[in-house]
Amino acid sequence: MRHGISILPDLPWREAGPRWRAVEEMGFAHAWVYDHLVWGGLPDSTWFPAVPTLAAAAGVTSTIGLGTFVTSPNFRHPYVFARDVLALDDLSGGRFLCGLGTGGDLDSAVLGESHPVKARVDRFHEYVPLLDRLLREDHVDHDGEWYAVRDARTLPGPVRDRVPFVVAANGPRSLRLAAKHGQGWVTTGPGGAETLDAWWAGVEGLVQRFDALEGTAGLDRYLLLDASPQFSLESVGVYEEMTGRAAALGFTDTITHWPRAEDPYAGSLTTLEAVASGVVAAAHAK
């Protein structure tokens, strides 16, 4: 099991920077930042953009994987984002993890768009293969329902073989997309689960559906623990139990959150440090 952590981009860099350095020192395998214009969990909070945050994080770390959790088509054209990927891959020395998802409706609504879920999924299914091409090829032409590029130059690529796609998927179409184009699959589990047992049952069902697809053997599998009704860093025991259940279901990676003073993800730094020195350190020792 590899352990990851998400750091919300709601603090100025003078406060956030030490957190990125700390999670590497604690032994976490990867660290993530939400990629939104506005996040519904903190709609009235200061919010800094993902790409420059990761660029800054690359400068204060040296080994930890750095990823977007997750980039969506809501406000990023695939060619523009491909340029960002090239930069982040370079700045991090090949440590960038490209988390991709359909996205919700808040970011697009801010920009004056409104698309039903099916349309957002359709757009995502055009977005991912085109981004894949842009990171593998040069002189790319594409005319689709949602996107067009004309002789898109993508130098200094290609970088796709070392930039893994970690595709967020819960529905059947996106699960197939993750199996086809992803080097990893990430899930938040079932939406709306009212109890922890119901959430785990939903996660198990998603794993079974993913396992049934062609091409999923050997892919990394990420679980966002805190999408459950319980914060995974409530205690060391809770974290240990949740990561153990994830491992039993075949997940290779889990993701928690840096604890905050208040919800969402209210918790203590002491618990995070204890988890790092215990559970995370034990994973390195195996």
Side-chain angles (χ1 to χ4, degrees), residues 1-72 84-85 87-89 91-93 95-101 103 107 164 166 168 184 186 188 222-228 231-234 236 238-239 242-243 253-277 279-281 283:
M1 175 66 68
R2 292 181 294 262
H3 301 265
I5 191 164
S6 177
I7 301 173
L8 296 184
D10 60 330
L11 296 175
W13 186 249
R14 65 180 178 275
E15 298 177 54
R19 296 184 176 189
W20 290 88
R21 288 191 293 269
V23 294
E24 179 171 84
E25 293 166 358
M26 288 177 184
F28 283 90
H30 34 77
W32 306 79
V33 62
Y34 286 10
D35 191 10
H36 292 288
L37 296 174
V38 179
W39 181 49
L42 290 172
D44 299 317
S45 172
T46 300
W47 194 260
F48 293 95
V51 170
T53 295
L54 289 178
V60 298
T61 59
S62 59
T63 60
I64 195 169
L66 302 172
T68 51
F69 194 83
V70 289
T71 293
S72 81
D84 289 336
V85 171
L88 290 172
D89 173 69
L91 291 167
S92 67
R95 292 182 285 131
F96 178 57
L97 304 169
C98 188
L100 299 167
D107 288 329
V166 180
V186 61
T188 56
Y222 297 73
L223 178 63
L224 180 65
L225 298 175
D226 302 330
S228 82
F231 182 40
S232 59
L233 290 178
E234 181 178 305
V236 175
V238 165
Y239 184 83
M242 293 188 78
T243 53
D253 298 76
T254 56
I255 302 172
T256 184
H257 287 82
W258 185 282
R260 304 177 69 251
E262 55 191 18
D263 285 333
Y265 316 126
S268 74
L269 180 58
T270 299
T271 301
L272 173 62
E273 292 171 338
V275 162
S277 63
V279 183
V280 176

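- With rounding to the nearest 0.5 angstrom, the NE2 atom of His36 is 6.0 Å from the CG atom of Asp107.
- Tyr239 OH to Thr271 OG1: the interatomic distance, rounded to the nearest 0.5 Å, is 12.5 Å.
- Applying the side-chain contact (heavy atoms from CB on, under 4.5 Å) test to Ser45 and every residue at least two apart in sequence or in another chain returns Asp10, Leu42.
- The two atoms that bring Leu272 and Phe28 nearest to each other are CD1-CZ, 3.8 Å, heavy atoms only.
- Remark: the backbone N or O of Ser232 is paired with a side-chain donor or acceptor of Asp226 at under 3.5 angstrom.
- Looking at every heavy atom in both residues, Ala168 comes nearest to Gly101 through CB-CA, 4.1 Å.
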Identify each donor-acceptor pair in which a side-chain atom of residues 15-22 lies under 3.5 Å from a protein atom, sequence neighbours left out, and give them as a table.
none

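- When the side-chain contact (heavy atoms from CB on, under 4.5 Å) test is applied to Leu97, the partners found at least two apart in sequence or on another chain are His30, Trp32, Pro164.
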Q) For Arg260 and Leu8, what are the C-alpha separation, side-chain angles and deciding distance, and is it a side chain to side chain contact (heavy atoms under 4.5 Å, CB included)? A) CA-CA 9 Å; Arg260 304 177 69 251; Leu8 296 184; 3.7 Å; yes
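- Ser62 meets the side chain to side chain donor-acceptor pair (under 3.5 Å) test with no other residue; sequence neighbours excluded.
- Checked against side chain to side chain donor-acceptor pair (under 3.5 Å), Asp89 has the following partners two or more places apart in sequence or in another chain: Arg162.
- Checked against side-chain contact (heavy atoms from CB on, under 4.5 Å), Arg95 has the following partners two or more places apart in sequence or in another chain: Glu24, Ala58, Thr61, Ile64, Leu66, Ser92.
- Smallest separation of non-hydrogen atoms from Gly40 and Pro43: O-CD, 3.1 Å.
- For Trp258, there are no ring-ring contact (aromatic ring centres under 6.0 Å, His included) partners two or more places apart in sequence or in a different chain.
- Side chains of Thr254 and Met242 form no contact here, defined as non-hydrogen atoms less than 4.5 Å apart.
- By the side chain to side chain donor-acceptor pair (under 3.5 Å) test, Thr68 is found to be paired with Thr71, residues two or more places apart in sequence or in another chain being considered.
- With a 4.5 Å cut-off on side-chain heavy atoms, Trp13 and Thr53 count as touching.
- Partners of Tyr34 by ring-ring contact (aromatic ring centres under 6.0 Å, His included), not counting sequence neighbours, listed by chain and number: Trp39, His257.
- Taking all atoms of both residues into account, the shortest heavy-atom contact from Pro259 to Gly267 is CB-C, 3.5 Å.
- Applying the side chain to side chain donor-acceptor pair (under 3.5 Å) criterion to Thr188, with sequence neighbours excluded, gives Asn170.
- Annotation: side chain of Thr243 is in contact with side chain of His3 (closest heavy-atom distance under 4.5 Å).
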Q: Could you give me the CA-CA distance, side-chain angles and deciding distance for Asp84 and Phe96, then say whether side chain to side chain contact (heavy atoms under 4.5 Å, CB included) is met?
A: CA-CA 11 Å; Asp84 289 336; Phe96 178 57; over 6 Å; no
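- Between Val85 and Cys98, the shortest heavy-atom contact is CG2-SG, 4.4 Å.
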Q: Please report the C-alpha distance between Asp263 and Phe231 in whole Å, then the side-chain angles of each, then the deciding distance to 0.1 Å, and finally whether the side chain to side chain contact (heavy atoms under 4.5 Å, CB included) criterion is met.
A: CA-CA 10 Å; Asp263 285 333; Phe231 182 40; over 6 Å; no
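- Judged as a salt bridge (Lys or Arg N to Asp or Glu O under 4.0 Å), the pairs with a partner in residues 29-58 (not counting sequence neighbours) are, in order, Asp35-Arg76.
- Residues passing the side-chain contact (heavy atoms from CB on, under 4.5 Å) test with Ala55, sequence neighbours excluded: Leu88, Leu91.
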Q: Starting from the C-alpha separation in whole Å, work towards a yes-or-no answer on side chain to side chain contact (heavy atoms under 4.5 Å, CB included) for Val236 and Val275.
A: CA-CA 6 Å; Val236 175; Val275 162; 4.1 Å; yes
